[in-house]
Amino acid sequence: MQQEQQMKAFIDEENCIGCGKCRRVCPTDAIIGSKHLLHTVLPQFCTACSHCIDTCPTDCITLSTPGDLLSPALELQLTEKKQYRLNPNSLVPPTILFPTQTPPISQAANTITDRKQSILDAIARVKAKKNLAK
Ligand code: SF4
Ligand code: SF4
């Protein structure tokens, strides 16, 4: 039986400044990376909740990598693991309890061309922000 697919988070590593904000808000610990170094997404743990996208200061994350939908059991297990090691003041909203709407795969960028375009758009946004800051 073929597993259902969804678009997973992808980090455009050229524009990642290693701030770690995405890693902190990811409910399933699907993002790895060290402080001040680039971060990357483990698509097999990503629920496509978009929390990382909302928090990234350089807009370098997009939902653009196709991958298998997580089973509710694995999602719950990963979420509980993260919640367990966080202190109560830094808990992040678990996707399994507060699901966010993500576009169906047919409406999302699901080709290599679309993915490249998403990255180019993100880079353009960063450049525009930098120009505004000058
Ligand atoms: S979309 Fe959600 S689950 Fe996926 S990496 Fe970002 S914060 Fe983590
Ligand atoms: S929030 Fe954005 S810039 Fe910061 S580590 Fe994550 S991907 Fe990189």
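Whatever order the structure lists ligands and atoms in, that order sets their numbers, starting from 1. The model shown is predicted, which means the values in this text are computed figures rather than measured ones.
Set against the non-hydrogen atoms of Pro57, the atoms of ligand 2 under 4.0 Å away are 1 (S). Every atom of ligand 1 with a heavy atom of Thr47 under 4.0 Å away is listed here by number and element: 3 (S), 4 (Fe). Distances below 4.0 Å separate heavy atoms of Thr28 from the following atoms of ligand 1: 3 (S). Close contacts between ligand 1 and Ala48 involve ligand atoms 1 (S), 4 (Fe) [criterion: under 4.0 Å to a heavy atom].
The minimum heavy-atom distance linking Leu70 with Gln6 is given by the pair N-OE1, 4.3 Å. For the residue pair Leu37 and Cys16, the shortest heavy atom distance occurs at O-SG, 4.3 Å. The two residues Phe45 and Leu78 make their nearest non-hydrogen contact at CD2-CD1, 3.7 Å. When every heavy atom of Cys22 is checked against every heavy atom of Ile11, the shortest pair comes out as SG-CD1, 4.4 Å. Nearest heavy-atom pair, Arg23 versus Lys35, reported as atom, atom and distance to 0.1 Å: NH2-N, 4.4 Å.
Remark: the backbone N or O of Lys21 is not paired with any side-chain donor or acceptor of Thr55 at under 3.5 angstrom. Of the possible polar contacts, none joining the Lys8 side chain to the Leu69 backbone as a donor-acceptor pair under 3.5 Å is found.
Donor-acceptor pairing under 3.5 Å is lacking for the side chains of Gln44 and Asp68.
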Which is it for Thr79 and Thr47 under the side-chain contact (heavy atoms from CB on, under 4.5 Å) test, yes or no, and what are the steps along the way? CA-CA 10 Å; Thr79 302; Thr47 64; over 6 Å; no
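By heavy-atom distance, the residue among Ile31, Thr62, Leu63 lying nearest atom 5 (S) of ligand 1 is Ile31. The option with the heavy atom closest to atom 6 (Fe) of ligand 1, from among Pro27, Ala30, Cys52, Cys26, is Cys52.
Looking only at protein N/O/S atoms, the ones less than 2.8 Å from atom 8 (Fe) of ligand 2 make 1 in total.
At a cut-off of 2.8 Å, Cys46 coordinates atom 4 (Fe) of ligand 1 through an N, O or S atom.
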